Participant: 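Here you go, one structure.
In this text the structure is predicted, and so the values were computed from the model without any measurement. Heavy atoms only: backbone and side chains are in, while hydrogens, waters and symmetry mates are out.
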Amino acid sequence: MEAYKALIVDRTQDGGHRCEVGLLDKKRLPQGELLIRVAYSSLNYKDALAAAPNGGIVKAYPFVPGIDLAGTVVSSEDDRFREGDEIVATGYELGVSHFGGYGEYARIPADWAVPLPSGLTLKEAMIYGTAGFTAALSVQALRDNGVYPEGGPVLVTGATGGVGSVAVAILAKLGYEVTASTGKPEAKEELLQLGAHSVIDRNELTPASARSLDKQRWAGVVDCVGGKSLATVLAGVKYGGTVAASGLTGGTDLPTTVLPFILRGVRLIGIDSVFVPMPARRKTWELLATKYRPDKLRELSSEISLDEIPAAMAVMLAGRSKGRIVVKL
């Protein structure tokens, strides 16, 4: 293991930028108690930004992106893990300031590793990845705030994306009537197959003239978009309903008023998947392996190799990707 294969993002001597598969010496691996033989990673929007020339994610080069990884412990300096243990790691500084999952090997702090739950394979863990983990946190936030299937329809925005597609599948598995919003009309049949009850065009959530309060439509919302769309969504949530917000593809501004909150008791819950405390992190992964596991989990994803990542990133940055993309190492 003197050298290992990885996707390397780097600056060139002439000030340019490169993102390509190459070899790295194992001595370049960062500090951490666990040496991992990576089996699978996945592709996320943050990964695509990390590999872009001006993505604003990576601060030091060369760098190996990949905010998710699943693999087997090769060596451990921590008593909680032993050689041969299978683990999954997402969030923290992985793939942001710490070499990530786009390499055959990774070294990470033991505090970042979750033992692979019984009932999940390493590949299935990466079908979920950060996106699935975020979707599960979002669904749990709805349930923690009293949104159950008998309360009425729930909405998922950005439903063809990683978080959205998994959220649709989880909610359908739990018996919710799911409305999926998307800007990709060709994906309607796929969303229905995932369990959506109905599919609406995202333009319905960005009207020319938005209201502070609108017809009460949804008991709960998993919002993966943000921006003006989220403002419209808040105006249409039922009394006492909850919105779990995790996305910003629609922008960071939220042009709304206090009316949904003080007249209808609507709750807006922010979902962060990066620094979730380990007890909650383990609990969420157990739910993904059991109660939240969709019947068609493997149909949520496509698989690519390490060499195919740059092309897949370009598609994602152009807004044309669908579902989860698993990277086989």
Participant: Do Lys291 and Leu174 have side chains that approach each other closer than 4.5 Å (heavy atoms only, starting at C-beta)?
Facilitator: yes

Participant: Report the C-alpha separation of Glu77 and Leu35 in whole Å, then their side-chain angles, then the decisive distance to 0.1 Å, and conclude whether the side chain to side chain contact (heavy atoms under 4.5 Å, CB included) test is met.
Facilitator: CA-CA 9 Å; Glu77 298 173 7; Leu35 178 63; over 6 Å; no

Participant: Could you state the interatomic distance from CG (Asp223) to CG (Leu230), rounded to the nearest 0.5 Å?
Facilitator: 4.5 Å

Participant: For atom NZ of Lys184, decide whether the heavy atoms of other residues, nucleotides or ligands shown that lie under 6.0 angstrom number more than 12.
Facilitator: yes

Participant: Taking Met313 as the starting point, is it possible to reach Val21 by hopping between hydrophobic residues whose side chains are less than 4.5 Å apart?
Facilitator: yes

Participant: Has the side chain of His17 got a donor or acceptor atom that lies under 3.5 Å from a matching backbone atom of Val9?
Facilitator: no

Participant: Between the main-chain N or O of Ala172 and the side-chain N or O of His197, is there a donor-acceptor pair closer than 3.5 Å?
Facilitator: no

Participant: Does atom CD of Gln31 have more than 12 heavy-atom neighbours from other groups under 6.0 Å away?
Facilitator: no

Participant: Pair up each side-chain donor or acceptor in residues 84-92 with any protein partner under 3.5 Å, not counting sequence neighbours, and list the distances.
Facilitator:
from	atom 1	to	atom 2	distance (Å)
Asp85	OD2	Arg82	N	2.8
Thr90	OG1	Arg281	NH1	3.3
Tyr92	OH	Arg281	NE	3.2

Participant: Any side-chain heavy atom of Ile269 within less than 4.5 Å of one from Ile271?
Facilitator: yes

Participant: Let me check something: any side-chain donor-acceptor pairs from residues 320-329 under 3.5 Å, sequence neighbours excluded? List them with distances.
Facilitator:
from	atom 1	to	atom 2	distance (Å)
Lys322	NZ	Glu190	OE2	3.0
Arg324	NE	Ile127	O	2.8
Arg324	NE	Tyr128	O	3.1
Arg324	NH1	Leu43	O	3.4
Arg324	NH1	Asn44	OD1	3.4
Arg324	NH2	Ser42	OG	2.8
Arg324	NH2	Met126	O	3.3
Arg324	NH2	Tyr128	O	3.1

Participant: Output yes when a side-chain donor or acceptor of Asp253 lies under 3.5 Å from a complementary backbone atom of Pro255, and no otherwise.
Facilitator: no

Participant: How far does CG of Leu94 sit from OG of Ser41, to the nearest 0.5 angstrom?
Facilitator: 8.0 Å

Participant: Go through the side-chain N and O atoms of Arg143 and Tyr176 and say whether any donor and acceptor fall under 3.5 Å apart.
Facilitator: yes

Participant: About how many Å separate CZ of Arg107 and CZ of Phe99, when rounded to the nearest 0.5 Å?
Facilitator: 11.0 Å

Participant: Under a 3.5 Å distance rule, please check whether Thr157 uses its side chain to pair with a backbone N or O of Cys224 as donor and acceptor.
Facilitator: yes

Participant: Test side chain to side chain contact (heavy atoms under 4.5 Å, CB included) on Val274 and Lys46; report intermediate values, then the result.
Facilitator: CA-CA 12 Å; Val274 177; Lys46 186 182 284 188; 4.1 Å; yes

Participant: Using a strict threshold of under 4.0 Å (side-chain N to carboxylate O), is an ion pair present between Asp111 and Arg80?
Facilitator: yes

Participant: May I ask you to check whether Tyr40 and Glu303 show a side-chain donor-acceptor distance below 3.5 Å?
Facilitator: no

Participant: Could you tell me whether a side-chain N or O of Glu104 sits under 3.5 Å from a main-chain N or O of Tyr4, the two making a donor and an acceptor?
Facilitator: no

Participant: Does NZ belonging to Lys173 count more than 12 external heavy atoms closer than 6.0 Å?
Facilitator: yes

Participant: Taking only Lys NZ, Arg NE, NH1 and NH2, and the carboxylate oxygens of Asp or Glu, determine whether Asp144 and Arg267 approach each other closer than 4.0 Å.
Facilitator: no

Participant: Is there a donor-acceptor pair under 3.5 Å between the side chain of Asp68 and the backbone N or O of Thr130?
Facilitator: yes

Participant: Hey, does the side chain of Arg293 reach the backbone of Leu287 with a donor-acceptor pair shorter than 3.5 angstrom?
Facilitator: no

Participant: Can Val243 be reached from Val139 by stepping across I, L, V, M, F, W or Y side chains whose heavy atoms are under 4.5 Å apart?
Facilitator: no

Participant: Does Asp201 reach the main-chain N or O of Pro185 with its side chain, forming a donor-acceptor pair under 3.5 Å?
Facilitator: no

Participant: Tell me if a side-chain donor or acceptor on Ser229 pairs with a main-chain N or O of Gly226 at a distance below 3.5 Å.
Facilitator: no

Participant: Determine, using the 4.5 Å side-chain heavy-atom cutoff (strictly less than), whether Leu137 and Tyr148 are members of one ILVMFWY cluster.
Facilitator: yes

Participant: Using modelled atom types only, decide if a donor and an acceptor are shared between the side chain of Ser76 and the backbone of Phe81 within a distance under 3.5 Å.
Facilitator: yes

Participant: Can you name the side-chain contact (heavy atoms from CB on, under 4.5 Å) partners of Thr249, sequence neighbours left out?
Facilitator: Val225

Participant: List the steps, then state whether side chain to side chain contact (heavy atoms under 4.5 Å, CB included) holds for Met278 with Val114.
Facilitator: CA-CA 8 Å; Met278 187 53 71; Val114 176; 3.8 Å; yes

Participant: What's the separation between atom CD1 in Ile108 and atom CD in Glu33, rounded to the nearest 0.5 Å?
Facilitator: 9.0 Å

Participant: For the CZ atom on Arg298, are there more than 12 heavy atoms of other groups (residues, nucleotides or ligands in this structure) within a distance under 6.0 Å?
Facilitator: yes

Participant: With a 6.0 Å cut-off (strictly less than), is the heavy-atom count around CG of Asp272, excluding the residue itself, greater than 12?
Facilitator: yes

Participant: Around atom CZ of Arg202, are there more than 12 heavy atoms from other residues, nucleotides or ligands closer than 6.0 Å?
Facilitator: no

Participant: Trp218 and Lys238: side chain to side chain contact (heavy atoms under 4.5 Å, CB included), yes or no, with the steps?
Facilitator: CA-CA 6 Å; Trp218 301 293; Lys238 290 185 176 184; 5.8 Å; no

Participant: May I ask you to check whether over 12 heavy atoms, not counting those of Phe261, lie within 6.0 Å of atom CZ?
Facilitator: yes

